[in-house]
Amino acid sequence: MKYRRACGGDGESGDGAGIMTQIPWKPFDKYCSETCPQSGVGMIFLPRDPKHRTAIKEMIKNVCKHNELGFLGWREVP
């Protein structure tokens, strides 16, 4: 992992960035249709600063719109 500078502080473990988990797609079935057979999910780490956070959220919504992707909303993680 040294090639991508992802080693943990102990020099032996990683940062977890390469771990893949399966997305539970079943709850997203209600968002699928004939014109959109597969939904998508994004995980985004936003800035803590409210001004920057709002700007990034708007940018992401605009990118979705520009690419003809429906945007459903945000989920705040506890």
Side-chain angles (χ1 to χ4, degrees):
M1 288 206 258
K2 288 181 181 180
Y3 71 94
R4 65 181 180 92
R5 298 183 185 264
C7 289
D10 61 8
E12 295 179 17
S13 62
D15 62 0
I19 295 174
M20 294 184 66
T21 60
Q22 188 170 355
I23 295 172
W25 289 108
K26 195 73 175 152
F28 298 100
D29 283 351
K30 62 183 175 184
Y31 300 109
C32 295
S33 66
E34 265 186 44
T35 58
C36 180
Q38 178 66 53
S39 57
V41 176
M43 183 169 65
I44 301 161
F45 295 91
L46 295 166
R48 292 178 188 248
D49 177 89
K51 188 176 178 182
H52 290 120
R53 184 183 198 92
T54 300
I56 296 296
K57 282 182 167 184
E58 284 303 311
M59 186 184 310
I60 291 167
K61 286 182 193 178
N62 289 334
V63 167
C64 289
K65 185 177 179 179
H66 179 75
N67 288 281
E68 299 178 0
L69 300 171
F71 182 86
L72 296 177
W74 300 99
R75 176 183 173 266
E76 292 294 325
V77 179

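With sequence neighbours left out, D29 forms a salt bridge (charged side-chain N to carboxylate O under 4.0 Å, His left out) with K26. Looking at residues two or more places apart in sequence or on another chain, you find a salt bridge (charged side-chain N to carboxylate O under 4.0 Å, His left out) between K57 and E76. Take T35 and apply the side chain to side chain contact (heavy atoms under 4.5 Å, CB included) test, not counting sequence neighbours, and it matches S33. Every residue two or more places apart in sequence or in another chain that forms a salt bridge (charged side-chain N to carboxylate O under 4.0 Å, His left out) with E58 is listed here: K61. Remark: I56 engages L46, P47, M59, I60 in a side chain to side chain contact (heavy atoms under 4.5 Å, CB included) (not counting sequence neighbours).
The ring-ring contact (aromatic ring centres under 6.0 Å, His included) analysis of residues 38-73, with sequence neighbours excluded, yields the pairs F71-W74. Among residue pairs with one or both ends in residues 36-46, none qualify as side chain to side chain donor-acceptor pair (under 3.5 Å); sequence neighbours excluded. Residue pairs meeting the salt bridge (charged side-chain N to carboxylate O under 4.0 Å, His left out) criterion with at least one member in residues 34-43, sequence neighbours excluded, do not occur. For residues 37-51, the set of pairs meeting the salt bridge (charged side-chain N to carboxylate O under 4.0 Å, His left out) definition, not counting sequence neighbours, is empty.
Taking each heavy atom of C32 and P37 in turn, the nearest pair found is SG-O, 3.5 Å.
Note on W25: it clusters hydrophobically with L72, by side-chain heavy-atom contacts below 4.5 Å among ILVMFWY residues.
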